[in-house]
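What follows is a short report on a single structure.
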2 protein chains.
Amino acid sequence: MRASLESLQDMCLKAGHTLTLQRRAVLEVLAEARDHPDIETIYARATRIMPGIGKATVYRCVNRLVELGGLQQHNFHDGESPRYEVVPVEHHDHLVNMQTGEIIEFCEPAIERLQVEVAQRYGFRLVDHRLVLYVTPLQNAPDTQ
Amino acid sequence: MRASLESLQDMCLKAGHTLTLQRRAVLEVLAEARDHPDIETIYARATRIMPGIGKATVYRCVNRLVELGGLQQHNFHDGESPRYEVVPVEHHDHLVNMQTGEIIEFCEPAIERLQVEVAQRYGFRLVDHRLVLYVTPLQNAPDTQ
DNA sequence: ATAATTGCAAATTGTTTGCCCAGGG
DNA sequence: CCCTGGGCAAACAATTTGCAATTAT
């Protein structure tokens with residue numbers, strides 16, 4: 001479950017932003033994405049809804065959403081451009097299938113609890129975290145680089 | 001515990017690389033760093049050991065080390081340049097003090113075990129993972145390291 | 001109306017590459 | 001000596017910004 005298109009629009013309006021056609025297009029793309037797209041992909045999809053939209057506009061819109069806290073930036077792959085995901089209502093972490101690039105969401109409460117514990121052990125309060133598991137399918141017996 | 005300067009030098013020699021003065025400087029910087037420096041920092045430190053070293057040389061050397069598997073790249077902060085760390089002998093994860101930027105290493109075997117379990121639950125084999133905890137001091141900042 | 005926003009192109013930033021010379025094994 | 005590798009500057013790629021024209025409220 002992720003934030004709806006309406007809640008993203010609300011967020012923009014509350015921040016005093018105008019709901020232009022291009023902004024609507026980007027928000028729609030983001031709200032419907034199930035695959036953690038990068039800017040290039042978001043741009044391509046937004047172009048289908050709003051032909052002629054500029055890439056700079058997409059960058060600006062995405063960055064604003066991130067600042068507003070409605071969008072999360074991920075760095076799943078070193079050296080590649082960041083991926084984006086509308087902040088989910090219920091938290092989850094990610095599993096990256098290195099064979100296909102597919103990204104799977106999961107949540108393991110036991111891990112979440114342990115993270116809080118570790119932070120406390122060092123005298124801190126856990127504010128946020130990133131956990132990404134890089135995996136390969138079990139049936140294949142791929143390399144062990 | 002991390003790989004020693006000597007083991008890094010060995011790694012380069014075995015790969016057929018020359019141990020030039022500038023390479024020695026970068027390796028020394030990396031072997032001695034305790035703070036996950038970025039390229040700019042590595043460059044600055046290497047300059048003190050080997051004045052006149054070019055930034056391109058630092059990039060080349062660092063990238064080669066990463067390819068050889070002797071150096072790890074981290075993306076602790078979205079939008080900032082990557083940080084580097086000599087591959088540690090024993091695995092650990094990281095805790096980022098958001099107040100100071102300090103990076104603390106930790107290892108929680110229970111979390112490690114659960115990660116393998118989660119991967120299997122989805123039909124995968126865990127190849128690698130990234131876990132970063134973003135934290136703030138509870139009250140008074142205790143010492144670590 | 002009027003303040004925000006767009007598209008474009010130019011500017012930045014971070015990183016890589018081509019080239020020709022220098023130094024390590 | 002040969003070949004890797006260094007410095008420099010130009011090339012690149014990704015992202016940001018300035019600006020005049022445009023659009024939402």
Side-chain angles (χ1 to χ4, degrees), chain A residues 6 8-30 36-44 46-68 71 73-84, chain B residues 6 8-30 36-68 70-71 73-84:
Chain A
E6 291 72 37
L8 285 178
Q9 293 177 339
D10 265 12
M11 185 175 280
C12 285
L13 288 175
K14 284 213 190 86
H17 294 150
T18 307
L19 277 191
T20 61
L21 288 176
Q22 20 286 81
R23 184 116 60 193
R24 282 174 193 280
V26 172
L27 293 188
E28 189 183 324
V29 166
L30 291 174
H36 311 76
D38 60 11
I39 285 277
E40 211 58 41
T41 307
I42 296 167
Y43 171 60
T47 298
R48 289 208 288 275
I49 301 174
M50 170 71 209
I53 188 174
K55 199 177 283 186
T57 302
V58 176
Y59 270 103
R60 278 187 282 235
C61 181
V62 162
N63 288 344
R64 247 160 235 189
L65 253 317
V66 170
E67 281 158 25
L68 291 180
L71 194 63
Q73 198 185 56
H74 295 289
N75 281 290
F76 295 134
H77 309 280
D78 289 341
E80 292 182 21
S81 2
R83 310 291 214 87
Y84 295 90
Chain B
E6 291 73 37
L8 286 178
Q9 294 177 338
D10 265 12
M11 185 175 281
C12 285
L13 289 174
K14 283 212 189 88
H17 293 149
T18 307
L19 279 191
T20 61
L21 287 176
Q22 17 291 81
R23 182 114 62 194
R24 281 173 193 281
V26 172
L27 293 188
E28 189 183 324
V29 167
L30 292 173
H36 311 76
D38 61 10
I39 286 277
E40 212 58 40
T41 307
I42 297 167
Y43 172 60
R45 291 179 189 169
T47 298
R48 288 208 290 274
I49 302 175
M50 170 73 209
I53 188 174
K55 198 177 283 186
T57 302
V58 176
Y59 270 104
R60 277 188 281 236
C61 182
V62 162
N63 288 342
R64 247 159 234 188
L65 252 318
V66 171
E67 282 159 25
L68 292 180
L71 195 63
Q73 198 185 56
H74 295 289
N75 280 292
F76 295 133
H77 308 281
D78 289 340
E80 292 183 20
S81 359
R83 310 292 213 86
Y84 295 90

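Chain identifiers are assigned alphabetically (A, B, ...) following the order of the sequence lines, protein sequences preceding nucleic acid strands; residue numbering begins at 1 within each chain.
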Next item on the list: To the nearest Å, give me how far apart CG (A:L27) and P (D:dA24) are.
Entry: 14 Å
Margin query: Once rounded to the nearest 0.5 Å, what's the spacing between atom CG of A:L8 and atom CZ of A:R23?
Written below: 11.5 Å
Margin query: Using 0.5 Å steps for rounding, measure from the CZ atom of B:R24 to the OG1 atom of B:T18.
Written below: 10.5 Å
Item checked: Contacting residues from residues 50-60 of chain A, given that a heavy atom lies under 4.0 angstrom of DNA chain D -> A:A56, A:Y59, A:R60
Margin query: Is any side-chain heavy atom of A:E40 closer than 4.5 Å to one of A:S81?
Written below: no
Item checked: Length of the line joining A:I42:CD1 and D:dA14:P, which is rounded to integer Å -> 15 Å
Next item on the list: Answer yes or no: is there a side-chain heavy-atom contact under 4.5 Å between B:E28 and B:I49?
Entry: yes
Next item on the list: Among the candidates C:dG7, C:dT15, D:dG6, find the nucleotide nearest to the side-chain atoms of A:Q22.
Entry: C:dG7
Next item on the list: For B:E80 and C:dT13, give me the distance from atom CD to atom P, rounded to whole Å.
Entry: 15 Å
Checklist line | Axis-to-axis angle between the two ends of the helix from C:dA1-D:dT25 to C:dG25-D:dC1 (five base pairs per end, rounded to 10 degrees) | finding: 40°
Item checked: Nearest-nucleotide 5' precedence on DNA chain C, A:R64 against B:E40 -> A:R64
Notebook entry, point to check: Quick one: does A:I53's side chain get under 4.5 Å of A:V26's, heavy atoms only?
Noted result: yes
Check: Can you tell me how far CG of B:L27 sits from CG of B:D10, rounded to the nearest 0.5 angstrom?
Finding: 11.0 Å
Next item on the list: First locate atom CG of A:N75, then atom CD of B:Q73, and finally report the distance between them rounded to the nearest 0.5 Å.
Entry: 9.5 Å
Next item on the list: Please report, rounded to the nearest Å, how far the P atom of C:dT15 is from the OH atom of B:Y43.
Entry: 14 Å
Next item on the list: Rounded to the nearest angstrom, tell me the gap between atom CD in B:E67 and atom P in D:dG5.
Entry: 12 Å
Note to self: Between A:H36 and A:Y84, is there a side-chain heavy-atom distance shorter than 4.5 Å?
What the structure shows: no
Next item on the list: Could you state the atom-to-atom distance from CG of A:L65 to P of C:dT5 in whole Å?
Entry: 12 Å
Could you write out each protein N or O paired with an N or O of nucleotides 22-25 of chain C at a distance under 3.5 Å?
none

Notebook entry, point to check: Once you round to the nearest 0.5 Å, how far does CD1 of A:I42 lie from CG of A:L30?
Noted result: 5.0 Å
Notebook entry, point to check: At what distance, to the nearest 0.5 angstrom, does CZ of B:R83 lie from NE2 of B:H77?
Noted result: 4.5 Å
Next item on the list: Check B:L68 against B:A15 and note the closest heavy-atom contact, atom names and distance.
Entry: CD2-CB, 3.7 Å
Next item on the list: Compare side-chain N and O positions of A:N63 against OP1 and OP2 of D:dT15 and report whether any pair is under 4.0 Å apart.
Entry: no
